[in-house]
K.L.:
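Shown below is the structure under consideration.
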Protein chains: 2
Amino acid sequence: MRPTKRDELVQKALKVFYQNGFNATGMDKLVAKTGISKTSMYKHFRTKDDLIIAVLRLRDEHFRNWLYRRMEELGETPEEQLIAMFDALEEWFAEAGYKGCMFIKASSEFQDASHPIHKQSADHKRMLETHMIGLAEKAELANPEVLARQLLLLKEGAIVTAHLGHTDNPAQDAKLAAAQLLDMHRQ
Amino acid sequence: MRPTKRDELVQKALKVFYQNGFNATGMDKLVAKTGISKTSMYKHFRTKDDLIIAVLRLRDEHFRNWLYRRMEELGETPEEQLIAMFDALEEWFAEAGYKGCMFIKASSEFQDASHPIHKQSADHKRMLETHMIGLAEKAELANPEVLARQLLLLKEGAIVTAHLGHTDNPAQDAKLAAAQLLDMHRQ
DNA sequence: TTTAAAATGTACAGATCGGTACACTTTGTC
DNA sequence: GACAAAGTGTACCGATCTGTACATTTTAAA
């Protein structure tokens, strides 16, 4: 099954939005950068917001798949995998063109909590939370929910800090903190 | 000394930008919301970007003053003050109209690291870092720099998470984690 | 090869963008 | 009360914004 024009559009729009921002990227620029006609775009998506939502859906899928897989590759036990999250993050931060978290940026540009794009971003974070709580439970750590949320606070902090770029290696700072927190939840 | 029109503009623009976003707020909207004529605006600031930079400067001053003062009020010793940061954050998150960190949002909309607005945001975070390292040193904690950066990761994470609003009380999750990390740095 | 669906190119509408021009009014100071 | 400085209102510039209309070409399946 060949990728449809729709998939191609979403994929390419993802790159442009990620590098340029949502409000800063007009539909004309999207035509220029993707080579897909505006008519075609508006046949697949009623509005720009709808396109952005599709982009975020794809990003959610890609990002969580990548993170979960990488955590499994880098850690044997659930406990190791939780820590390995920060090694995965370090790899991400080191990529050329790293520009922070797409969902944080989306919620920065669409601030109203009732906006579908904001909600979608919150959903992404919620799914990450569920997954990490599951891992903490599998690892039989004390207070798995609190611990998982704390590790995610470190993750979000590291993502933002890596983008602001005023600190050397936020991923490793976070990893060390995570390991210490995890130690205290071992029972 | 009465506040000048310039101060009034920066102050009011701050509120509008914070609630509406930077790119999403046009100069015409600023005229409408501040009651200051466009001619006057452009006499004080050459460009919109210059105005944004002035806004961020004011925000930096206000925010750091507020945070440092609140930390001193809520904690006796430097050690207590570091932990009290998260109580201060909780107060902030609870304010009506809380919309996250202005500098994270600025760096989300002006992503290029070489952009003056992005740099200004990084400067703000750097100044916070310096202050927290100083406190950690005063508290005679081990590895004051690493610890301070870790506490700030928790802070940024909590700010983002509070804005995404998918979690109950990120400030208290962060505070608990901070207290545990701090315990491990006591010598 | 016929035929319907999908995609294209282009031109445009109406609104808004950042920024300027210009004539006018208010304000504070001597 | 004169006078310069500061601020106002409005109309406008060219560019860009999201979204649409319409006639044409490409694609894919029968």
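All of these numbers come straight from a predicted model, not from anything done at the bench. Throughout, a chain's letter reflects where its sequence line sits, starting with A, and its residues are numbered from 1.
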K.L.:
Using ring centroids (six-membered ring only for Trp), state whether Phe86(B) and Trp92(B) fall under 6.0 Å.
P.N.:
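No.
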K.L.:
Nearest whole Å is fine: how far is dT18(D) P from Ile52(A) CD1?
P.N.:
9 Å
K.L.:
Less than 4.0 Å between a side-chain N and a carboxylate O, is that true for Glu79(B) and Lys138(B)?
P.N.:
no
K.L.:
Other than Ile133(A), which residues form its hydrophobic cluster under the rule that side-chain heavy atoms must be closer than 4.5 Å?
P.N.:
none
K.L.:
Within this structure, what is the CG-to-C1' distance between Leu30(B) and dC17(C), rounded to whole angstrom?
P.N.:
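Whole-Å distance recorded here is 13 Å.
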K.L.:
Please report, rounded to the nearest Å, how far the P atom of dC17(C) is from the CG atom of Asn20(B).
P.N.:
11 Å
K.L.:
Side-chain contact, heavy-atom cut-off 4.5 Å: Met85(A) with Glu90(A)?
P.N.:
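With C-beta onward as the side chain, the pair stays apart.
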K.L.:
Going by heavy atoms closer than 4.0 Å, what residues in residues 37-50 of chain A are next to DNA chain C?
P.N.:
Ser37(A), Thr39(A), Ser40(A), His44(A)
K.L.:
Closer than 4.0 Å, any side-chain N/O of Lys5(A) to the OP1 or OP2 of dT8(C)?
P.N.:
yes
K.L.:
Could you run down the sub-3.5 Å N/O contacts of the protein with nucleotides 13-16 of chain C?
P.N.:
none

K.L.:
Between Thr25(A) and Gly35(B), which is nearer to the 5' end of DNA chain D once each is assigned its nearest nucleotide?
P.N.:
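Looking at DNA chain D, the more 5' nearest nucleotide goes with Gly35(B).
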K.L.:
Once you round it to whole Å, what is the distance between C1' of dG7(D) and CD of Glu8(B)?
P.N.:
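Nearest whole value for this atom pair: 11 Å.
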K.L.:
Quick one: side-chain contact (heavy atoms from CB on, under 4.5 Å) partners of Arg57(B), sequence neighbours excluded?
P.N.:
Ile53(B), Gln120(B)
K.L.:
Apart from Val146(A) itself, what residues make up its hydrophobic cluster when side-chain heavy atoms of I, L, V, M, F, W and Y under 4.5 Å apart count as a link, directly or indirectly?
P.N.:
Leu176(B)
K.L.:
By the rule that ILVMFWY residues connect when side-chain heavy atoms come within less than 4.5 angstrom, directly or transitively, which residues belong alongside Met184(B)?
P.N.:
Met184(A)
K.L.:
Round to the nearest Å and state the distance from Lys29(B) atom NZ to dG18(C) atom C1'.
P.N.:
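It works out to 15 Å between those atoms.
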K.L.:
Got Pro116(A) and Asp49(A) here, is their nearest side-chain heavy-atom distance under 4.5 Å?
P.N.:
no
K.L.:
Report the distance from atom CE of Met27(B) to atom C1' of dT10(D), rounded to the nearest whole Å.
P.N.:
17 Å
K.L.:
Report yes if the distance between the aromatic ring centroids of His118(B) and His163(A) is under 6.0 Å, otherwise no.
P.N.:
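Yes - the distance between ring centres of His118(B) and His163(A) falls below the 6.0 Å cut-off.
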